[in-house]
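Below is one structure, written out as structure tokens; the observations come after it.
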Amino acid sequence: VRGLAGAIACWLVGAGLAVAQLRPRVATAVGHAAAVAMDRQVTTMREAGTLTLAREEADPLVRGRLHRRFRQTYHGVPVYGADLTQQVDATGTPVSLFGTTFADVDLDTTPALSAGDAARLIEGRTGVLLGASRAPDLVILPVDSGARLAWRSGWRSPSCPTWCSI
């Protein structure tokens, strides 16, 4: 499947346990009142251990403002495509929040393949040697029927970045 930027994505998802239909929760909050209300969702998910701070960086355009980027996880496994970005002012008060998380994530996070087996399978199907720097990461992949565990690895080729998941 060719992506928007010419990236090639290869999602090879093996048999796994399907779960109930995942419901995406799209968060968009601009302005103090809306952002503070949505901040409760962030706090609740962080306290439950399903949202982790991936990074925090200064806003290059607004002095004193920070961008906090969160990643949704389930039992420590990242949910692919599920993240939130929160802007806070110099006092730590939320200014905006946007992104997507998924409700009803519920699956066994024990993979059927080891990371090494997944790497060998990816290498066999693509002809690309992954090595330690491109070892696959375990992710939860939201699909139409629910969610699946997948091993994901990426590399850059001369023509485009490539991601492959098993």
Please say yes or no: joined through hydrophobic side-chain contacts below 4.5 Å, possibly via intermediate residues, are Leu66 and Phe98 part of one cluster? no
Which distance, rounded to the nearest 0.5 Å, do you find between the OG1 of Thr93 and the CD of Gln87? 13.0 Å
Nearest 0.5 Å, what's the CG-CD1 distance between Leu129 and Ile122? 12.5 Å
Closest heavy-atom pair, Arg120 versus Asp117, reported as atoms and distance to 0.1 Å, is NH2-OD1, 2.6 Å
Excluding sequence neighbours, so at least two apart, what forms salt bridge (Lys or Arg N to Asp or Glu O under 4.0 Å) with Glu47? none
Quick one: pull up CD in Gln41 and CZ in Arg46 and give me the separation to the nearest 0.5 Å. 13.0 Å
Minimum heavy-atom separation for Pro94 and Val88, please, with both atom names. CA-CG1, 3.9 Å
Which atoms form the tightest heavy-atom contact between Leu130 and Pro136, and what is the distance? CD1-CD, 4.3 Å
Is there side-chain contact between Pro78 and Gln72, with heavy atoms separated by less than 4.5 Å? no
Flag the pair Ser153 / Asp137 as yes when at least one side-chain heavy-atom distance between them is below 4.5 Å, and no otherwise. no
Once rounded to the nearest 0.5 Å, what's the spacing between atom CZ of Arg134 and atom CZ of Arg152? 14.5 Å
Show which residues join Leu51 in its hydrophobic cluster (side-chain heavy-atom contacts under 4.5 Å, direct or indirect), or state none. Met38, Val42, Met45, Leu53, Phe70, Leu84, Leu97
Please report the shortest heavy-atom distance between Pro142 and Val79, naming the atom on each side. CG-CG1, 3.9 Å
CG on Leu149 to OH on Tyr80, rounded to 0.5 Å: 15.5 Å
With a 4.5 Å limit on heavy-atom distance, are the side chains of Trp151 and Val139 in contact? no
Counting C-beta onward and ignoring hydrogens, is there a side-chain heavy-atom pair between Arg65 and Val95 closer than 4.5 Å? yes
I'd like to check Leu107 versus Ile140 (side-chain heavy atoms, cut-off strictly below 4.5 Å). Are they in contact? yes
Keeping to residues at least two apart or across chains, list the salt bridge (Lys or Arg N to Asp or Glu O under 4.0 Å) pairs with something in residues 70-89. none
Would you say the side-chain atoms of Gln86 pair up with the backbone N or O of Ser96, donor to acceptor, closer than 3.5 Å? no
To the nearest 0.5 angstrom, please state how far the CG atom of Leu141 sits from the CG atom of Leu138. 11.0 Å
Arg68/Glu57 salt bridge by N-O under 4.0 Å criterion: no
